[in-house]
Amino acid sequence: MSHPTFRLYNTLTHETEPVEPIEEEHLRFYSCGPTVYMYAHIGNFRSFLTADFIRRTAEALGWDVTNVSNITDVGHLTQDDLVDPGGEDKMQQALEREGERFANIYDLARHYTGAFLEDWRALNLREPEVRPRATEHVTDQLQAVIELVEKDHAYTTDQGVYFSVESFEDYGHLSGNTEAQQLEATDRETVEDPQKRDPRDFALWKHDPEHLMHWHSPWGWGYPGWHIECSVMGMRYLGDRFDLHTGGEDLIFPHHECEIAQNQALAGHPVVNYWVHTRFLQVEGEKMSKSAGNFYTVRDLIQPGPDDTHVPASIRQRGGVDPLALRYALMQGQYRKPFNFTLDTLETAARHVRRYRSVSEHVDEALAEDAEGPDPLGDRLDAIYERTLAAMCDDLNTPAATAAALEGVKAIEQTDRLSGAAARSAQDWLTRTNDLLGIVASEFESNEPHEASADSGLGTAAQNDAIEDLLADREAARADGEYARADAIRDTLDALGIEVMDRPDGTEWRRKVEL
RNA sequence: GGUGACGUGGCCGAGUGGUUAGGCAGAGGCCUGCAAAGCCUCCUACGGCGGUUCGAAUCCGCCCGUCACCUCCA
């Protein structure tokens, strides 16, 4: 079967280009990961999801994938173009804010790293082949800085080491920020390093023996600049030529611009062919911010605590939404366009995810029965899958892909009685669709003790028994024509968040998804 | 001020020259004891002004608006 061409928008060229891996059918790419100083929010994961879809699409095409995704566990200054030893960094601020929770900065990093990985699995993102930590690669970073100084791409001052932007003529290509005076023109409240040669120069190493994390270097105790870690870890694991690099749109400048300069200065040639950036999302039409009250971490939505009052009560009361619903909701905008995340979208997503689960269960039942009969679904579902894959290959058009896939759900639902052959086709389609989109079933459930949540269709055995008892009473009442009593029982169930559905072949129930 | 992205029906969002996106909400119908769920039908838009063309949401120009980055941020 011939596959569609995988195309992605390349920030470097401003064009949507066919993805042509350097090694045939082997995509190698680097994804900028989080700084672990707080719980990751849904915007962070929109960006990580982009990397996950690049992986899944490549795998669906039969390619091998090597993905490196870092964890930044070094606290970097809030102004990385200066080496101001008086400044505080994000992780240090977090530690001071949460001093009672953590014994030191490493404790804090460990905690948030663990939480991040939990969220990652909950949202059904596939694990990268390599997940390097910045703190474990400081020696590599130091060596890179030394090399840059030796090659005259960097110079030292009393306060640290700077990359000399002047030494790299292509600086500004990625972002379009080519004018030095633009950077000078920006208001800066911090004290300049008087020894800095060019306002655009950025720090590679900061001299600061007082920093909570510090390492020994030829320039005394200190810590590395922010941009150098990704250059170093990328090339360490992917070599000095690899295909693609992802990140949020905010990283275009300065982070990726600086990374390109470092890479090229070190390697002597371009290192990365495609740069892919995910746009920020908004929440309910506004920039997500704590002050606006629309700032959601992943765990705010999938397992909110009773004190998380900024989370809508409807979500808190039901113990959070299905993580796959959050994943589905985040797919309703293409990564490269502005996306307005709303609770309405989340609720719709929860319904669709439940629909997939329901169809999946029916297919399982039909497989067990394995009835004789034709297979009206196979060809239809194959065509739907091809359209889904084509949408993903078209610059990760996830809204179009989910729209196409939903037609497959309908096709299965509309089939009155699934033969064994039809069920096998349906099962095969569900598996392929889940491999590509990750919205049918979690691939990590076995790793994680999944707490029974309202819309997982699970629930405690005792609860389910009570519901079954009520339904039995209702059935008896209906059989006796006592509809008033039957409807009263239905109202009781409804108040418990249970939907009752009388189908031709019997009564079914499920938990509601209204948020 | 500089750089870039984007503007589609009540809402979310596909669609790059001529033919239905889809979903959500809403209306009607089928089914049901009544509901719910599901299914069927309906609701037909492209920021504004010019231009190119037989024909533009789709190409070009200008304008308006929104968002983001230029300072930590996915």
Side-chain angles (χ1 to χ4, degrees), chain A residues 9 11 14 31-35 37-38 40-51 75-82 87-90 93 172 174-179 181-190 200 226 246-255 257 277-282 285-289 329 331-342 344-345 347-349 351-352 355 358 387 391 394 397-407 410 413-414 416 477-478 481-484 486-487 490-491 493-494 498-504 507-510 512:
Chain A
Y9 183 85
T11 308
H14 308 294
S31 308
C32 275
T35 301
Y37 68 106
M38 57 171 273
H41 56 71
I42 58 177
N44 295 123
F45 266 89
R46 171 158 146 98
S47 173
F48 303 140
L49 223 31
T50 299
H76 293 295
L77 288 180
T78 52
Q79 299 238 329
D80 73 309
D81 58 338
L82 294 174
E88 287 195 340
D89 68 65
K90 288 180 290 184
Q93 286 171 350
L174 182 72
S175 63
N177 290 330
T178 53
E179 300 300 317
Q181 52 272 37
Q182 286 170 19
L183 292 166
E184 279 180 308
T186 309
D187 284 337
R188 289 167 195 268
E189 296 177 0
T190 37
R200 298 173 297 170
W226 175 38
T246 69
E249 63 171 327
D250 55 307
L251 299 183
I252 296 170
F253 191 92
H255 187 54
E257 195 74 77
H277 295 101
T278 304
R279 285 212 60 163
F280 276 11
L281 57 69
Q282 293 183 279
E286 287 184 77
K287 181 177 171 125
M288 185 167 76
S289 71
M331 293 170 70
Q332 295 315 297
Q334 194 223 14
Y335 76 96
R336 196 158 65 78
K337 290 194 175 174
F339 176 58
N340 183 19
F341 180 91
T342 66
D344 190 55
T345 302
E347 180 175 338
T348 302
R351 289 217 180 97
H352 288 319
R355 213 162 152 186
S358 164
R387 278 199 288 129
D394 180 18
N397 192 338
T398 47
T402 50
L406 199 60
E407 290 183 36
K410 283 188 183 173
E413 285 174 342
Q414 286 167 0
D416 286 337
R478 290 179 74 213
E482 297 178 34
Y483 292 120
D487 290 348
R490 187 167 62 198
D491 289 345
L493 286 164
D494 186 68
I498 305 297
E499 263 175 319
V500 177
M501 296 165 289
D502 297 325
R503 295 171 182 277
T507 296
E508 292 183 27
W509 65 274
R510 66 183 183 189
K512 293 191 290 191

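Values reported hereafter were calculated over all heavy atoms of this structure, with side chains retained and with hydrogens, waters and symmetry mates removed. Throughout, protein chains are lettered first and strands after them, A, B, ... in sequence-line order, and every chain is numbered starting at 1.
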Min side-chain heavy-atom separation [X]-[Y] under 4.5 Å:
X	Y	result
A/P399	A/M331	no
A/R46	A/R279	yes
A/Y9	A/Y335	yes
A/Q332	A/T402	yes
A/T50	A/R336	no

In whole Å, I'd like the distance from the [atom1] atom of [X] to the [atom2] atom of [N].
X	N	atom1	atom2	value
A/Q332	B/G22	CD	C1'	10 Å
A/K337	B/G7	NZ	C1'	10 Å
A/L251	B/A68	CG	C1'	13 Å
A/N44	B/C72	CG	C1'	13 Å
A/H14	B/C6	NE2	C1'	15 Å
A/E257	B/G2	CD	C1'	14 Å
A/R200	B/C70	CZ	C1'	14 Å
A/E407	B/A14	CD	P	16 Å

Below 4.0 angstrom from OP1 or OP2 of B/C6, is there any side-chain N or O of A/Q334? no

May I ask you to verify if any side-chain N or O of A/Y9 is less than 4.0 angstrom from the OP1 or OP2 atom of B/A5?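 For A/Y9, the contact criterion (side-chain N or O under 4.0 Å from OP1 or OP2 of B/A5) is met.
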
Under 4.0 Å, heavy atoms only, any strand: does [X] hit a base, just the sugar-phosphate, or nothing?
X	value
A/L281	base
A/D394	sugar-phosphate
A/R387	nothing
A/Q414	sugar-phosphate
A/T278	nothing
A/F48	nothing
A/D494	nothing

Rounded C1' spacing from B/G61 to B/U53 in Å: 16 Å

Rounded to whole angstrom, note down the P distance from B/A5 over to B/G9. 23 Å

Less than 4.0 Å between a side-chain N and a carboxylate O, is that true for A/K512 and A/E499?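 Salt bridge flag = no for A/K512 with A/E499.
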
Select one nucleotide: of B/A74, B/C6, B/G13, the one nearest the side-chain heavy atoms of A/R336. B/C6

How close do A/G248 and A/S47 get, heavy atom to heavy atom, and via which atoms?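 Answer, listing the atom of A/G248 first, then A/S47: N-OG, 3.6 Å.
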
Residue met sooner reading RNA chain B from 5', once A/G333 and A/K410 are mapped to nucleotides: A/G333

Taking for each residue the nucleotide of RNA chain B with the nearest heavy atom, is it A/G43 or A/H352 whose nucleotide lies nearer the 5' end?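 The 5'-side residue here is A/H352.
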
Can you measure from CZ (A/R510) to CD1 (A/I498) and round to the nearest 0.5 angstrom? 11.0 Å

Taking only N/O atoms, report every protein-nucleotides 62-67 of chain B pair under 3.5 Å with atom names and distance.
unit_1 : atom_1 : unit_2 : atom_2 : d
B/C67  : O2'    : A/R279 : NH2    : 3.3
B/C67  : O2     : A/R279 : NH2    : 3.1

For nucleotides 31-37 of chain B, just jot down a letter per nucleotide in 5' to 3' order: B, S or -, based on protein non-hydrogen atoms under 4.0 Å. --BBBBS

